[in-house]
Structure formats: structure tokens, C-alpha cells
There are 4 protein chains.
Amino acid sequence: MAGVNKVILIGNLGADPEVRYMQNGDPVANVRIATSETWKDRNTGERQERTEWHNVVFFGRIAEVVKQYLRKGSKIYVEGKLRTRKWQAQDGQDRYSTEVVVDINGTMQMLDSRQGGGMGSSVPFDDAPPPSRGSGRPSQPQPQPAGNVGESQGSFNGGGGGGDFDDDIPF
Amino acid sequence: MAGVNKVILIGNLGADPEVRYMQNGDPVANVRIATSETWKDRNTGERQERTEWHNVVFFGRIAEVVKQYLRKGSKIYVEGKLRTRKWQAQDGQDRYSTEVVVDINGTMQMLDSRQGGGMGSSVPFDDAPPPSRGSGRPSQPQPQPAGNVGESQGSFNGGGGGGDFDDDIPF
Amino acid sequence: MAGVNKVILIGNLGADPEVRYMQNGDPVANVRIATSETWKDRNTGERQERTEWHNVVFFGRIAEVVKQYLRKGSKIYVEGKLRTRKWQAQDGQDRYSTEVVVDINGTMQMLDSRQGGGMGSSVPFDDAPPPSRGSGRPSQPQPQPAGNVGESQGSFNGGGGGGDFDDDIPF
Amino acid sequence: MAGVNKVILIGNLGADPEVRYMQNGDPVANVRIATSETWKDRNTGERQERTEWHNVVFFGRIAEVVKQYLRKGSKIYVEGKLRTRKWQAQDGQDRYSTEVVVDINGTMQMLDSRQGGGMGSSVPFDDAPPPSRGSGRPSQPQPQPAGNVGESQGSFNGGGGGGDFDDDIPF
DNA sequence: TTTT
DNA sequence: TTTT
């Protein structure tokens, strides 16, 4: 029961999201995200660049958001966890594939300044998130947005879990 | 609608937690956490150390865990967010205090190898996970712990929101 | 010797940076960054927003970057650490102020799609960062950008330390 | 020039580290780290556990630390980045393997309360890290540990880069 | 005081 | 395959 398994990425989508559906109808969205790092070669002084590609898979409510609003080139912030899946290749051999999983415990944020770019800008993006409840030193109890569940930040989470919160959910 | 506000700490409690209760009975736990960094002075070659103290406040369910299991000296991992509160000093002036808030969106993990140290060791908190070999995983159907709510990792979150999840809660 | 003290922020500058200089001529840049979180009130269904303001201070080389390229409204990613300073108020009393410190161990990235906005876009932004050195399983040692020092990601770090790396530094 | 690629893990080694050497003599250490998450099944109420295994590779100075001090079962905190390597299988086909790379930009910390466990506990573990330089509002310039280079926190980094800092390095 |  |  020990464990932190956290991935934080900021990068761009290499292609439009691919969305599939589970048996229960829940969507699963897959994207490829590129993160690039640059540096100056110490000897030649030339600028170098290296791009890393990540497979990111979104579950639940957040998968809908990905489907609707992300496109090739979109820049996003992602917080998720690592998962390595084992799968069978055609030759019968085992293969392993590592993905960044963004579920209800993860987050996604769109970082394009013009998010609404080509798709209608007044869409109510945010989700149903609860900030903290109550003041640290509860002497003068300020009104607090209690009774919410979800992620903060105007970002999105997987929200796969409960239908209890549908009233909080814009999708 | 822009925002990531995240704090990650690993450190030790400087004293036992202080727990208070809100009007609705919800607990709020405050702790002081020390993080220390060390380095070697480049000129003198002497080892240097600097300790930083953080005010961390826990809300909801996680506050109960803090109350019950954390003590002075406990080493923990904490994931929360920054919040600066404004308060009135006795002289009528405004003061500001910055805290790390750990609510339902945050996490806490106990890092003491023997967590049960002085408080009864058979608590279902056990740490030190199985460093056994091999990745055991079903082939086709990705085991998604869907239908669950909360944080992963065997860690604790604030869980302030709904009483709907009490059955998910080990405390 | 225990300690992780890490802050990650994505937000916007509330005003232009304030830059000062230390006795040795090193710049120090201070900015105010707003992170906002939004959620839907569970009862009223109304959208709520809360903005948190952070004092962020940049040291070293990165302070120059902040000075030159950041302006009121700029959106940035910041990775730093918490530090609480004690200072004397005019009334002789102690005050405490908590800041996010971004030094050589931290990072900053500009997230505005058009960074070059009003200042000429072809500026060689990146810094002197080193990716990893060598392949994990060093069987077929691919050419590796060895011999660099600094942060990766095309981001900026404090670089306060050594003048040894000036040839890697665009400033 | 966009990119954040960060992984944070807390887990235990599944086996002793495997250390190899590059042509230039630099060590490379590979470890398997297990992170486990637990949750209560929402329907059955039974406790569930899932263990994830990560391949982590350390470069540079930190690889030496790993070699000397980590063993099967060691609990560590790791901060690194994702990298997917392409390699040739015996059948001539391409394979991909994703690892967490910990180089000079990453960090490692030992979390076992008795780090010196079986190897002598007074070893000067820490590294050559620089805290921040100078005070944010440089009015009364406190003495600052200037002129250091490296990671903070009493943790270790790859330090692959310069031989200039050997005097700061305990290894 | 920012941003959406 | 993205982005600067």
C-alpha cells in the first residue's frame, strides 16, 4: 500500500483524438502527445531538440471533453499515472505498452489561449469541482462551497464513478 | 479558467496535529511539516542544511486520518494546493498566512516504515508493498477500477463531499 | 535529510514583473501569478470561481528571461519551491511572507501561443538544458548530447551557479 | 519548444539495481520499482490492490548512489521523465520500451527510515545542491549559500555534466 | 492584479 | 505525428 505514481505533461496533440467505447458505453479517448526539450550543445553550441511521444488515454467524463474539444495541435496540461499493459501480438508473443492514464484522479487542461478556436467559444468548459471546505483555523467560518465532488482548477477529470453527480456535470 | 496550483511535500511533523471542528462537525487538522535541503558549500566545502516549515491543513475524511495516525516526527508525503488566508491581527491590521491545503483533491501518505510505531501496529495501514517480480495483468480487458471514487495509491484524500461514499471509506 | 518541497503553478501574471538587483549584480524578478479554479455549486448549480494569488520570485538567469519576456497577462508554467521569509514591519513586529522560489532547480515556461507577441518572435528563447546521457541498456550506444548542464524542456532555469556555462547561455 | 515531461514515483525496488557502464566509464543503473494503489470495490466492498511496475534508469553520479545504497525492497522517491526507446527484437522487429529516466534534471531520495540499514549509517549521503540565492526583496541581503550547483533536498541528481564540481561531490 |  |  505504498505508492505515488504521477505523470505531468505539457505538450501538443500529434493527431485528433481516437475515441472508442466500452461495453457499458463509457468513452475512452486516446491521444498522442509530444513533449519537446531543447538545449544547446555544449561543444558545437548548436541548438538541439528532442521530441518525446506519449500515449495518453482518458477515461470517463474527461474522455468526452477530449473528444469534443481537442484536435491535432492542441496544447494541453495533463496529470495522470503510468500504466503498462500487456497485450498479445499477432505472432502470439507478449508485448507491453506503457500509457499515461488520466481517470477520475487525473486532470486535463487546455492551454491554447483561444480554446474556442474553431469550435464555438462560449461553451461551458469547466467541470464540477470542489475547492476546500472551510477555513484552516475555523474561527470565522467563511461560507464555503461545500458538498461538491471532483477536481478543481476549471480542469477536467475522468469522473467515471458515480452517476450521483450528473447534476454537476455539463456533459 | 487557467490554473494549476499544486504543492508536493515530503517531510516530518514538527509536533502532533492540532484538530478542530467546524460547525457541521467536520474535522480540520493542522500540522507543521519540515522539509530540509542540504548542500555542500562550494567554497568552504562544508555541508549546509536549511529547513523550511510549512503549515498544512487537512479537510474532511483525511483530517480524521491525520488525527488518528500522525504524530510528531511522522514522515509523510503530501499533495495539496496553496492558499493564502487573510486574517485580522489584534491591532486591527490585516495579516496574510499561506498554507498548503489538502482536501478531497489532495493526498497524504505515511512514509514511516513502521507506521504503527507507537500506536498499535495492526492498523490496516500497512505499507512496504510486495517487491515481488513480474507484472501480473489480465490480457484483454483493462482492469479499470471504475465505479470507484477517491484517490488512488492507497493514500488518503479529504473526501469531504458526499456521505455517499462512506462504504468506500476504511475509517 | 528528508525533503521534497515542490510547487507547480500554471497561471497568469497580474502585473509586469518587478526586477531588482543584488549587490553582485544578479537580478531578482518578482511576479504575482493568479491561478483560478472553477466549480459548479452542488446546490444552486451556479458556476463558482476562486482565484488564488501567488508571489513568485525568480533568481539568476531565469530572472533575466522573466524581465525580458513576461508581461502583465502572460500565462506561464512554473516549478519551484516554497519559502517563508521573516521580515520586520514598520511597527517593529515580525511578519512572515511565503513565496514560490524559482532558482536553478526550478523551471519556467511560457504558455502563450504567441510568445513573441509584441517583442519580436525569433528570439532564441531556450536555454542550456541537457537531456539524459546515454541509453538505459547501453548495448548500442546512440549518440547522446552529453556534456550539457541545466534544465530541459526548452524551459528556463535560474542558472545562478557557474560562469563556466556562459557559452551555453543565450543571455 | 513546448514541453513538460515529468514523472514522480514513490515505491519499492523489486530487486537489486543492475549497473552497467558506458564506453566513457559512466555508470547506468536500472531498477524496477513497484507502486501499488488500493481501493475498496464499490459493489463488493472488498479491498482491491493493483501493483504497477516501472523501469527506472539512472544516469551519472546518481547511478553510483543507486548502486551503492539501494537494494531490493528499498523505498525511494523518484523524479524523472518518460522516455520510450526503440529496440530490435531477435526476430528483427521493432520493439518499444518506456522507462523513467532520472538524470541530472531528476532526483532520487531514499525513504527508508534506516537508510544505512545494512551498510553503515553515517555515510555522507547528500549531494551538492544549491538552495535559492538571495532574498526575494533584496533589501537586507541575508547571507546566502551562493555558488552551488545541483539539486536540493538532500537528494541526488545525475550530475553527469561537468567535472568542475567534483569537489562538491561526495562520490 | 490575471485569465476564461 | 505536434509545437516553437
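A, B, ... follow the sequence lines: proteins, then strands. Residue 1 opens every chain. Because only heavy atoms are used, hydrogens play no part in the values below, and waters and symmetry mates are left out as well, while side chains stay in. All values derive from a computational prediction rather than experimental measurement.
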Rounded to whole angstrom units, what separation is found between the CE atom of C:Met110 and the P atom of F:dT4? 13 Å

Give the rounded distance in Å between these two atoms: CD of A:Gln48 and C1' of F:dT4. 16 Å

What is the distance from CG of C:Asp16 to P of E:dT3, rounded to the nearest Å? 11 Å

Taking any heavy-atom pair under 4.0 Å as a contact, classify A:Ser74: base, sugar-phosphate, or nothing. nothing

Using whole Å, what does the distance between atom P of nucleotide E:dT3 and atom CD1 of C:Ile76 come to? 13 Å

When the distance from OH of A:Tyr77 to C1' of F:dT2 is rounded to whole Å, what number comes out? 20 Å

To the side chain of C:Lys72, which of F:dT2, E:dT2, E:dT3 is closest? E:dT2

Does C:Arg95 reach the side chain of B:Arg95, with side-chain heavy atoms less than 4.5 Å apart? yes

Who are the salt bridge (Lys or Arg N to Asp or Glu O under 4.0 Å) partners of C:Arg71, not counting sequence neighbours? none

For the pair C:Asp112 and C:Lys75, find out whether any cationic side-chain nitrogen is under 4.0 Å from an anionic carboxylate oxygen. no

Between E:dT2, F:dT2, F:dT3, which one does the side chain of C:Ala34 approach most closely? E:dT2

A:Leu70 CG to F:dT3 P: how many Å, rounded? 14 Å

Residues at least two apart in sequence or cross-chain that pass side chain to side chain donor-acceptor pair (under 3.5 Å) with C:Thr84, listed by chain then number, are C:Thr98

Can you tell me the distance, in whole Å, between the CD1 atom of C:Ile10 and the P atom of E:dT2? 20 Å

Of the options E:dT2, F:dT4, E:dT3, whose atoms approach the side-chain atoms of C:Ser36 most closely? E:dT3

Here the distance between atom C1' of F:dT3 and atom CG of A:Leu111, to the nearest Å, is 12 Å

